[in-house]
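Structure, as structure tokens:
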Amino acid sequence: MRKNIVAGNWKMNKTLQEGLTLAIELNDALATEKLNCKVVIGTPFIHLASVTKAIDTKKIAVSAQNCSDKESGAFTGEISAAMVKSTGAEYVILGHSERREYYGETSEVLNRKVALALANGLTPIYCCGEALEVRNSNGQNDFVKNQLDETIFNLSVDDFKKLVIAYEPIWAIGTGVTASTEQAQEMLSFIRSIIANKFGNDVAENTSILYGGSCNAKNASELFAQPDIDGGLIGGASLKVADFKAIIDAF
Ligand code: PEP
């Protein structure tokens, strides 16, 4: 059975102290709740170790937002998958469109990152999604299929089963423009169908696929009610406890 997941992506926000406060407030707000989804918070690297110690990680799992494509060594400023894992984090967001666009992450680099994350026992939340020009020319399915073909579709079936996919149309990220429920469902259903073609129905049915892009307390219930939408990757709305909790409660 695939999991429902609500994952926050804090991006480059919050000092260590502010981040700890946010994580502890969320932990307290969820303490007595029976949750119907897995909750994950994607913090900056420097928060990972402190946040995992400060919260109940059985209730809220912690994620990095990136990791290096190198195992270890002379790569100044990089953080390896093994280092991420050693903080107590369980997930890592990989292939976010901001990293592809601003840091030139190619499919080749992402292949190495996914492999290292998996080898170190992290669950990748693998992001894909098209730009507005692609959507406007109706090329979104081919574009997303190509992104998956070049990266996670190269994995063995056993490795593929360990990851989570997040579809995030670039035109909806941080813009306040959400994909319509139909657009999101249509794409997630398409992604599930190409997983089925590649790895079989059983794997497709058991893969958690999230929607991301201006998901908020108002639109979450309708999105999460769709048959192929297993949750959300949440940017802006994960920075306020009340907003993030309302999205979690949409399940
Ligand atoms: C994101 O960056 O992953 C994201 C979905 O951002 P937002 O929710 O702010 O659109």
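Atoms within a ligand are numbered from 1 in the order they appear, just like the ligands themselves. Each residue takes its place number in the sequence, starting with 1.
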* Asked: Does the salt bridge (charged side-chain N to carboxylate O under 4.0 Å, His left out) test come out yes or no for E33 and K245, once each step is laid out?
  -> CA-CA 10 Å; E33 285 217 17; K245 183 173 178 302; 2.5 Å; yes
Just jot down the ligand 1 atoms closer than 4.0 angstrom to any heavy atom of [X], in number order.
X    : value
A172 : 10 (O)
G236 : 7 (P), 8 (O), 9 (O)
G213 : 5 (C), 10 (O)
G174 : 7 (P), 9 (O), 10 (O)
I173 : 1 (C), 2 (O), 4 (C), 6 (O), 10 (O)

* Using the six-membered ring wherever Trp is involved, compare the ring planes of W10 and H47 and label them parallel, tilted or perpendicular (cut-offs 30° and 60°). => perpendicular
* Asked: F160 vs F199 aromatic rings, parallel, tilted or perpendicular, using cut-offs 30° and 60°?
  -> parallel
* **Hphob cluster co-occupancy, L233 + L239, side-chain heavy atoms under 4.5 angstrom** => no
* Structure fact -> For I170, the side chain to side chain contact (heavy atoms under 4.5 Å, CB included) test, sequence neighbours excluded, returns S97, A131
* Just distances here: any N/O of G235 and N/O of ligand 1 closer than 3.5 Å? -> yes
* To do: Start with the C-alpha distance between E130 and Y167, add both sets of side-chain angles, then the distance that settles side-chain hydrogen bond (donor to acceptor under 3.5 Å, both in side chains), and finish with yes or no.
  => CA-CA 9 Å; E130 80 288 352; Y167 166 64; 2.8 Å; yes
* Among all protein non-hydrogen atoms, which one is nearest to atom 5 (C) of ligand 1, and what is the separation to 0.1 Å? -> E168 OE2, 3.0 Å
* Please report which non-hydrogen protein atom sits nearest to atom 1 (C) of ligand 1, along with the residue it belongs to and the distance in Å to one decimal place. => H96 NE2, 3.3 Å
* Structure fact -> Looking at Q65, E98, K11, the heavy atom closest to atom 2 (O) of ligand 1 belongs to K11
* To do: Any chance you could lay out the side-chain hydrogen bond (donor to acceptor under 3.5 Å, both in side chains) test for Q65 and H96, step after step, and finish with the verdict?
  => CA-CA 8 Å; Q65 300 169 18; H96 192 283; over 6 Å; no
